[in-house]
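Hydrogens, waters and symmetry mates play no part in the numbers below; they use all other heavy atoms, side chains included. To find a chain, count down the sequence lines: A is the first, B the second, and so on, and within it residues start at 1. Remember, predicted model here, so these are calculated numbers, not experimental data.
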Protein chains: 2
Amino acid sequence: MNEFELCPRFEKAVSILSQRWTALILYQLMAGPQRFCTMTDKLGISGKTLSERLKDLEQQNFVIRNVYPETPVRIEYTLTKKGMSLTPIMKEIENWSKTWIEQTEVQDNI
Amino acid sequence: MNEFELCPRFEKAVSILSQRWTALILYQLMAGPQRFCTMTDKLGISGKTLSERLKDLEQQNFVIRNVYPETPVRIEYTLTKKGMSLTPIMKEIENWSKTWIEQTEVQDNI
DNA sequence: TAAAGTTAGTTACATAAAGTAAGTTACTTA
DNA sequence: TAAGTAACTTACTTTATGTAACTAACTTTA
């Protein structure tokens with residue numbers, strides 16, 4: 001059935017980026033290290049799903065988890081070099097959205 | 001809860017591209033017009049989901065559906081200008097995958 | 001010292017999205 | 001008349017995600 005004429009590396013890249021929330025999480029982290037609760041607040045993602053995604057991203061070496069044993073404990077997620085390397089893709093999406101997403105398409109999200 | 005510090009246009013663009021299969025469908029169509037059954041074969045997507053995605057993409061003006069009343073009927077999906085405008089994003093992903101996706105990460109998909 | 005607060009999660013249950021496989025429509029050729 | 005073809009659709013199952021309550025570990029407040 002599957003003839004796989006698609007480049008498998010491209011397919012893999014898309015499968016990473018098109019998993020729900022992953023691109024937004026990575027984009028958020030491009031602004032600098034973030035804590036768990038900051039991300040749930042900013043993205044509107046559930047704690048359960050964020051927890052899963054961050055584990056996946058850590059395992060795939062996009063993100064590093066740093067523990068600061070303060071009180072209360074502070075845990076920060078930071079992009080690795082691999083994570084940072086996605087910046088041009090994000091910029092391209094950002095750029096595209098400026099031309100092609102209408103103001104009106106976005107109203108119901110506000 | 002949601003402070004929405006993210007640019008809503010960027011968020012919208014990501015929500016389009018990160019819906020499962022959408023990026024792969026658009027990428028396939030960049031190679032030229034395609035028929036329904038060609039796409040199910042090449043992508044390994046179910047007919048049901050492809051049908052849904054194509055309707056969405058048509059409605060959002062990424063894709064046009066052309067009916068050729070031959071026998072049996074031929075229906076071709078083609079990218080619009082808006083659909084084509086995503087090419088630089090796809091190229092950027094393609095490019096990224098060449099550097100950052102290892103051969104080994106991809107083996108189990110073949 | 002007991003109660004309440006904080007961060008970073010996890011768990012159990014509910015809803016939504018996607019996959020599977022069979023069925024439908026409309027037309028044709030053997 | 002039977003079988004074939006393309007493009008779907010439908011009913012049912014599996015997987016993914018959301019919600020809200022709960023836990024651990026430590027601290028501050030009453």
With the side chain defined as heavy atoms from C-beta on, A:Val73 is closest, among C:dA8, D:dG18, C:dT6, to C:dA8
For A:Val63 and A:Leu79 the tightest heavy-atom approach is CG2-CD2, 4.0 Å
Closest to the side chain of B:Lys48, out of D:dT10, D:dT19, D:dA7, is D:dT10
Among D:dT17, D:dT5, D:dA7, the one nearest any side-chain atom of B:Arg35 is D:dA7
Rounded to whole Å, the CG-P distance (B:Leu50 to C:dA18) equals 13 Å
Rounded to whole Å, the NZ-C1' distance (B:Lys55 to D:dA7) equals 11 Å
Check: Looking across every strand, which nucleic acid part, if any, lies under 4.0 Å from B:Tyr77 by heavy atom: base, sugar-phosphate, or nothing?
Finding: sugar-phosphate
Taken to the nearest whole Å, CZ/B:Arg74 to P/C:dC27 is 18 Å
Residue set satisfying side chain to side chain donor-acceptor pair (under 3.5 Å) with B:Lys91, at least two apart, ordered chain then number -> B:Glu94
When rounded to whole Å, the CD1 to P distance for the pair B:Ile45 and D:dA7 reads 15 Å
Below the 4.0 Å mark, does C:dA17 have OP1 or OP2 next to a side-chain nitrogen or oxygen of B:Trp21?
no
The nucleotide from C:dG19, C:dG9, C:dT7 with an atom nearest the side chain of A:Phe36 is C:dG9
Exercise for the section: Classify the nucleic acid contact of A:Ser46 as base, sugar-phosphate or nothing, counting any heavy atom under 4.0 Å across all strands shown. Expected result: base
Report yes if a side-chain nitrogen or oxygen of B:Arg53 is closer than 4.0 Å to either non-bridging phosphate oxygen (OP1 or OP2) of C:dA18; otherwise report no.
yes
> Are OP1 or OP2 of D:dG18 and a side-chain N or O of A:Arg20 less than 4.0 angstrom apart?
Replying inline: yes
For B:Pro88 and B:Ser85, the nearest pair of non-hydrogen atoms, with its separation, is CD-O, 3.3 Å
Please work out whether the ring planes of A:Phe36 and A:Tyr77 are parallel, tilted or perpendicular, with thresholds of 30° and 60°.
-> tilted
Residues B:Leu86 and B:Met30: closest non-hydrogen pair is C-CE, 3.8 Å
Whole-Å distance, A:Gln19 CD to D:dA16 P, equals 8 Å
What one should report as the nearest heavy-atom pair of B:Met90 and B:Ala23 is CE-O, 3.6 Å
Note: A:Gln60 and A:Lys82 closest approach over all heavy atoms is O-NZ, 2.8 Å
Whole-Å distance, B:Tyr68 OH to D:dA7 P, equals 12 Å
B:Glu58 atom CD is separated from D:dA7 atom C1', nearest whole Å, by 14 Å
- request: Would you tell me if any nitrogen or oxygen in the side chain of A:Ser51 comes within less than 4.0 Å of OP1 or OP2 on C:dT10?
  value: yes
Students should find that the end-to-end axis angle of the helix from C:dT1-D:dA30 to C:dA30-D:dT1, with five pairs defining each axis and rounding to 10 degrees, is 20°
- prompt: Does A:Arg65 put a side-chain nitrogen or oxygen below 4.0 Å from OP1 or OP2 of C:dG9?
  reply: yes
From CD of B:Glu52 across to C1' of C:dA18 the rounded distance in Å is 8 Å
Shortest non-hydrogen pair, A:Gly47 vs A:Thr40, comes out as CA-CG2, 4.1 Å
Of the listed C:dG19, D:dA6, D:dG18, the closest approach to the A:Thr49 side chain comes from D:dG18
